[in-house]
Number of protein chains: 2
Amino acid sequence: MADSQIYKASTTAPVNIAVIKYWGKRDPKLNLPTNSSLSVTLSQSDLRTHTTASCAATYPSQDSLLLNGQDQDVSGARTQACFRELRSLRQKLEKSDPSMPKLSTLPLKIVSENNFPTAAGLASSAAGFAALVRAIANLYELKENETELSRIARQGSGSACRSLFGGYVGWEKGSKEDGSDSVAYQVAPASHWPQMRALILVVSAAKKGVSSTTGMQTTVATSSLFPQRANETVPRRMKEMEKAIQEKDFEAFGNITMMDSNSFHATCLDTYPPIFYLNDVSRAAIKVVEAINVVAGKIIAAYTFDAGPNAVIYYLKENEAEVAGLFKAAIGEKEGWTGIRGDAVLANNGALEQVNAGASVAINLLKGGISRVILTGVGEGPIKTEESLI
Amino acid sequence: MADSQIYKASTTAPVNIAVIKYWGKRDPKLNLPTNSSLSVTLSQSDLRTHTTASCAATYPSQDSLLLNGQDQDVSGARTQACFRELRSLRQKLEKSDPSMPKLSTLPLKIVSENNFPTAAGLASSAAGFAALVRAIANLYELKENETELSRIARQGSGSACRSLFGGYVGWEKGSKEDGSDSVAYQVAPASHWPQMRALILVVSAAKKGVSSTTGMQTTVATSSLFPQRANETVPRRMKEMEKAIQEKDFEAFGNITMMDSNSFHATCLDTYPPIFYLNDVSRAAIKVVEAINVVAGKIIAAYTFDAGPNAVIYYLKENEAEVAGLFKAAIGEKEGWTGIRGDAVLANNGALEQVNAGASVAINLLKGGISRVILTGVGEGPIKTEESLI
């Protein structure tokens, strides 16, 4: 009986951490940004969402989504927009080929799992919506490419559009009112510059601050410095950053990454009332990165902070001892220093001694303020899998 | 014998705390600012520099300056500029009236004392240079008015020009290359709005951060957001602030004060490498002020931060119980809650309870992080005194 058949498809999708930040919507409903942005897709061995999308006539009539074992509300406008757009694409296929089963008419059941602790305070919505859109697109056997799907994922969560690609990914803000030109594109695949590493320092007891959805619109409405960032600073840095990536120029990559993180947090501080995501521990991470670069005599480490206090530190594999090794020596035993990547990093006490004179206060703050670390690197986009969660 | 005569004159001069911040020089040598600024002159009962200027043929040939008992280097370009300009004005007088003693040819001996602990981390250079210039002008019997003297004091320390006036004081950035139109002016005397109070929360163990002289020029050179602040934001807010003061509109005064402090610190964060003056204790003070205003249903307290973590909180006398009283209840016994002003403030535990639910973390941070308080209010400009330090 075709009626009782359960159709399903599964995928994994990655987290991405922006080096040119998305902050501010020109259209909140369509998630159209005030400026373009650019991110590094992180390896799914360390951070990924695994999602199975399925549909069946026998399912309860309401679409459902289970994330890490917990029922999620799917009635929100964002999730609904994704479901609607994907169903409409499936419907077109069904019309063009009447032999196809009418999956667009069936209730969806989606099951999702993250391989990283939600307590880590990592923005998981990007990986989540990328996996959701990719999994349903697989289920529906859609022929749309990543760019076309990014337009849909963007409506779920802005930065999700960038998680549909691996490597180095841009998100063009676009200018059309309907958002049809606000899509993600690959600047370079992971294989172009595979040496990129990311060390994430998770700050203890990070209280949830202002949500980014609320925060960014308050910035747009109240910050007098924000227009300069959106209209002048970011367009210039997007070009500089694409060039740095094409030329694998880490000094330029690092400089722009740090300046853009500072610029973003500056507009948060210029918001009224001000929004603070960085705390004293975050600032200690900045100080240590600065000290590492001073000792190296060039930029070998670059910090960036999303809408929270956790530091993400980019570096190249060749400098692992000077960057991750120093941090391992500085902050000592923490969850995350074990496993294949973690064990490969040796605590570099020699390097620590070199920066300790100027950064001892910062190092002590880090020691007490970091609860765990995640060691990862640049990685691939969503990967189809046969491993089903249903 | 006229030869052995010691000529002297003494003055006191006040501290001022800007509500529209001076940050950035268009000409570092002449201390010409990139934007106009505006401050409140604080009462000299609580914060003042007392300076005696003297000259005598019998003095050692080198000019000297003793501050709080310590010999200061007067060979710096800034102090030299003040001496030179004041001597030249005296010389003009002496030429026009040959009966006047030739003080301009005699070595200067200056003795200065602050009535507040330098450890408090309060910018004392404004009061210091204002007192120095005013005392020498008195000694030389110069006829120049405060505006004309402000042009000289500015060359000693930019914000010193504002300490030559009492009340509410602007500093016009000017446009001339020689700086002759970059002078201070009184927006309103203290008597126009005498109810203005300032509570200064001195943050413990505040390590000296980046000096403002160095910091502001790094901001000018590297912050991409700074031009927007200097060219657009501040000129608009100067007008709004003058209006708020004329109309004694505390809500507008408070809003602009807080927004401008945030804007200034945002451009510091956007500096590369970033400059951080606010720490977690500073942010706690911001949170408590926000909570006070939420409970009041309007702006009755306004924070502002100079180039350091200390909070200055402006409020009106009528709200002393809700603002200073709440802080007294929150942070408990600290140096500064005693004396005439301090004793008049009663710990307001009732008000504290109202904000405690939303701001308990911030209140605990303050309790541990504030070493002393200074309670003061708007005050007069430099005051001539017969009390000599020599």
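Worth knowing before you read on, the calculation uses all heavy atoms, side chains too, and leaves out hydrogens, waters and symmetry mates. Quantities reported herein were computed from a predicted structural model and do not represent experimental measurements. Numbers restart at 1 for each chain; the letters A, B, ... are given by sequence-line order, proteins then strands.
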- [ ] Evaluate the side-chain proximity of A/T267 to B/L225: yes if any heavy-atom separation is below 4.5 Å, no if none is.
- [x] yes

Open item on the list: As an exercise, state the distance from CD1 of A/I370 to CG of A/L365, rounded to the nearest 0.5 Å.
Closed with: 9.5 Å

Task: Residue-level interface, residues 292-303 of chain A with chain B, non-hydrogen cut-off under 4.5 Å - done: A/I299, A/Y303

TODO: Report the distance from atom CH2 of A/W23 to atom SG of A/C268, rounding to the nearest 0.5 Å.
DONE: 4.5 Å

Open item on the list: If you compare all heavy atoms of B/P309 against all heavy atoms of B/N279, which two are closest, and at what distance to 0.1 Å?
Closed with: CB-ND2, 3.8 Å

TODO: Report yes if some heavy atom in the side chain of B/W171 is under 4.5 Å from a heavy atom in the side chain of B/L38; otherwise report no.
DONE: no

Task: chain A contact residues among residues 250-260 of chain B, heavy-atom distance under 4.5 Å - done: B/N255, B/M258, B/M259

Task: Basic-acidic side-chain contact under 4.0 Å: A/R237, A/E240 - done: no

- [ ] Could you verify whether a donor N or O on one side chain and an acceptor N or O on the other, from B/T34 and B/R26, lie under 3.5 Å apart?
- [x] no

Task: Residue part contacting chain A, namely of B/I286, when any heavy atom lies under 4.5 Å - done: side chain

Task: Residue that, paired with A/F327, satisfies side chain to side chain contact (heavy atoms under 4.5 Å, CB included) out of A/I363, A/V373, A/I313 - done: A/I313

Task: Under-4.0 Å salt bridge between A/K21 and A/D306 - done: yes

Task: Any A/T233 side-chain heavy atom under 4.5 Å of A/Q228 side chain - done: yes

Open item on the list: Report which part of A/T271 has an atom under 4.5 Å of a heavy atom belonging to chain B: side chain, backbone, both, or neither.
Closed with: backbone

Task: chain A contact via B/S261 - side chain, backbone, both or neither, heavy atoms under 4.5 Å - done: neither

Task: Charged tip of B/R283 within 45° of A/F276 ring normal and under 6.0 Å - done: yes

